[in-house]
Amino acid sequence: MLISSAYEVRLAKDAEDLFAVQRLRYDVFVRELGACGLAVDHDLEIEADGFDRHCEHLMVLDRMRGADLTEQLVGVYRIMNRLGAEAAGGFYSASEFDLAPLLATGRPLMELGRSCLRKPYRGGAAMFYLWQALAQHVTQQGAEILFGTASFAGTDPSKFKAPLSLLGREHLAQAALRPTAIGAGAVPLCDSGELEIDRLTAIRAMPALIKAYLRLGGCVGEGAYVDAQFNTVDVCMVLDVAAMNPRQKAIYLRGLG
């Protein structure tokens, strides 16, 4: 898909690729972030679920890391469209958020999830190439609305009170595109009181993925979801491609034709 002097970015094409994707997710989500649950296979050292076979998997490879695929793979993104969701019985995010407003639009949807990079590659060229390839794929597929969960590490929402409140006050999706957190794990974004927010501190406390969505013009659904098995507090990000920040869009689509 995209190739530089050091990096290759492409879609997974076979079982070997998918295994490497699931192994990287195990390294990041399980070993580093403490995820557990039915999706974790400690014997094979993979993080895998029933949605994987209905998704496309974007891979970024650092070809300077030797010849072994599992070592070369430094970043992944899972992509699911409506057809994949129909085959899987629904979108992954539907277990945490009511997606009815998005589904009701009738517009082409694309769910993005299970995004991760090896720690030394976060915030650098690998992330840029991953997002550039994603932009190319979105354009080719004609997706109009991108959405998916993005996470804070840990399961105590009070530790993320400032960034969650800032998201709820300044970045809430319009009602027509606003998913809502559901179930026992649902918690409000905004503090019930008049919490004073230091914007700069709150933004610094946000994960890089959430900040990247915001720079592109993304917004969040109503409420957050505490995922005890994945050891995260999740928000549902929504990005209307037509309303993307023009400058940011140009950066990721530059040179793609």
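Because only heavy atoms are used, hydrogens play no part in the values below, and waters and symmetry mates are left out as well, while side chains stay in.
Counting only distance, with no hydrogens or angles, the side chain of Arg178 and the backbone of Pro101 share no donor-acceptor pair below 3.5 Å. Distance alone, capped at 3.5 Å, places no donor-acceptor pair between the Gln229 side chain and the Ala35 backbone. Using a distance-only test at 3.5 Å, with no hydrogens or angles considered, no donor-acceptor pair links the side chain of Arg204 to the main chain of Arg199. Under the 3.5 Å distance criterion, the side-chain polar atoms of Ser95 are matched with a main-chain donor or acceptor of Tyr92.
Within the structure, side chain to side chain donor-acceptor pair (under 3.5 Å) pairs that include any residue of residues 97-113 comprise Ser93-Glu111, Arg107-Glu144, Arg107-Asp240 (at least two apart or interchain).
A 4.5 Å side-chain heavy-atom check between Lys119 and Val28 finds every atom pair outside the cut-off. Looking only at side-chain heavy atoms (C-beta outward), Leu117 and Tyr77 stay at 4.5 Å or farther from each other. Here the side chains of Leu11 and His57 are not in contact, with every heavy-atom distance at 4.5 Å or above. Side-chain contact check for Val40 versus His42: some heavy-atom pair is nearer than 4.5 Å. Looking at heavy atoms from C-beta onward, Pro157 lies in side-chain contact with Val226 at the 4.5 angstrom threshold. Looking at Val76 and Leu73, their side chains come closer than 4.5 Å, going by heavy atoms from C-beta outward. Within the 4.5 Å cutoff, the side chain of Leu167 has heavy atoms near those of the Ile210 side chain. Looking at heavy atoms from C-beta onward, Met59 lies out of side-chain contact with Val9 at the 4.5 angstrom threshold.
Between the CD1 atom of Ile145 and the CG atom of Leu99 there is a distance of 11.0 Å, given to the nearest 0.5 Å. Rounded to the nearest 0.5 Å, atoms CZ (Arg169) and CG (Leu172) are 12.5 Å apart. For the atom pair SG of Cys55 and CG of Leu18, the computed distance is 9.5 Å after rounding to the nearest 0.5 Å. How far CD of Glu86 is from NE2 of His54: 11.5 Å, rounded to the nearest 0.5 Å. Note that CG of Leu61 and CG of Leu69 are 6.0 Å apart. Values are rounded to the nearest 0.5 Å. Interatomic distance, Glu47 CD to Leu38 CG, rounded to the nearest 0.5 Å: 11.0 Å.
The hydrophobic clustering, which links ILVMFWY residues whose side-chain heavy atoms are closer than 4.5 Å, places Leu214 and Met127 together. Residues Leu112 and Leu109 fall into different hydrophobic clusters, defined by Ile, Leu, Val, Met, Phe, Trp and Tyr side chains chained together at heavy-atom separations under 4.5 Å. Follow the hydrophobic side-chain contacts under 4.5 Å out from Leu102 and you never reach Val235; the two are in separate clusters. Met237 and Val233 fall within a single hydrophobic cluster, where Ile, Leu, Val, Met, Phe, Trp and Tyr are joined by side-chain heavy atoms under 4.5 Å apart, directly or via other members. Criterion: ILVMFWY side-chain heavy atoms under 4.5 Å apart, direct or through other members. Under it, Leu239 and Leu177 are not part of a common hydrophobic cluster.
When all heavy atoms of Asn231 and Leu33 are compared, the closest pair comes out as ND2-O, 2.7 Å. Here the closest heavy-atom approach between residue Leu24 and residue Val74 is recorded as CD2-C, 3.7 Å. Of all heavy-atom pairs spanning Phe19 and Ile46, the tightest one is CE1-CG2, 3.6 Å. Residues Ala186 and Tyr225 share a closest heavy-atom pair of N-CD1, 3.8 Å. Here the closest heavy-atom approach between residue Leu134 and residue Leu58 is recorded as N-CD2, 3.7 Å. When every heavy atom of Ala153 is checked against every heavy atom of Phe160, the shortest pair comes out as O-CZ, 3.1 Å.
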Problem - Tyr7 and Asp62: CA distance, side-chain angles, deciding distance, side-chain hydrogen bond (donor to acceptor under 3.5 Å, both in side chains) verdict - result: CA-CA 5 Å; Tyr7 293 104; Asp62 180 351; 4.5 Å; no
Practice task
Evaluate the criterion side chain to side chain contact (heavy atoms under 4.5 Å, CB included) for residue pair Val238 and Val220; output intermediate values, then yes/no.
Solution key: CA-CA 6 Å; Val238 179; Val220 299; over 6 Å; no
Practice task
Step by step, work out the side chain to side chain contact (heavy atoms under 4.5 Å, CB included) result for Phe97 and Thr149.
Solution key: CA-CA 9 Å; Phe97 294 87; Thr149 58; 3.9 Å; yes
Exercise for the section: Before giving the answer on side chain to side chain contact (heavy atoms under 4.5 Å, CB included), spell out for Glu45 and Val30 the whole-Å C-alpha distance, their side-chain angles and the decisive distance to 0.1 Å. Expected result: CA-CA 9 Å; Glu45 297 186 335; Val30 181; over 6 Å; no
Handout entry: Audit row: Leu146, Leu216, side chain to side chain contact (heavy atoms under 4.5 Å, CB included) steps and yes/no
Key = CA-CA 11 Å; Leu146 312 180; Leu216 286 168; over 6 Å; no
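Sparse packing is recorded around CZ of Arg53, with 12 or fewer heavy atoms of other residues, nucleotides or ligands lying under 6.0 Å away.
In this structure, Asp52 pairs ionically with Arg25, as a charged nitrogen and a carboxylate oxygen lie closer than 4.0 Å. With salt bridges taken as basic N to acidic carboxylate O contacts below 4.0 Å, one links Asp49 and Arg114. Of the charged side-chain nitrogens involved, none lies within less than 4.0 Å of a carboxylate oxygen, so that Glu56 and Arg78 do not count as a salt-bridged pair.
Ring orientation note: the planes of Phe230 and Phe29 are tilted relative to one another, at an angle of 30° to 60°.
Aromatic rings of Phe91 and Phe147 (six-membered ring for Trp) have centroids within the 6.0 Å cut-off, being under it.
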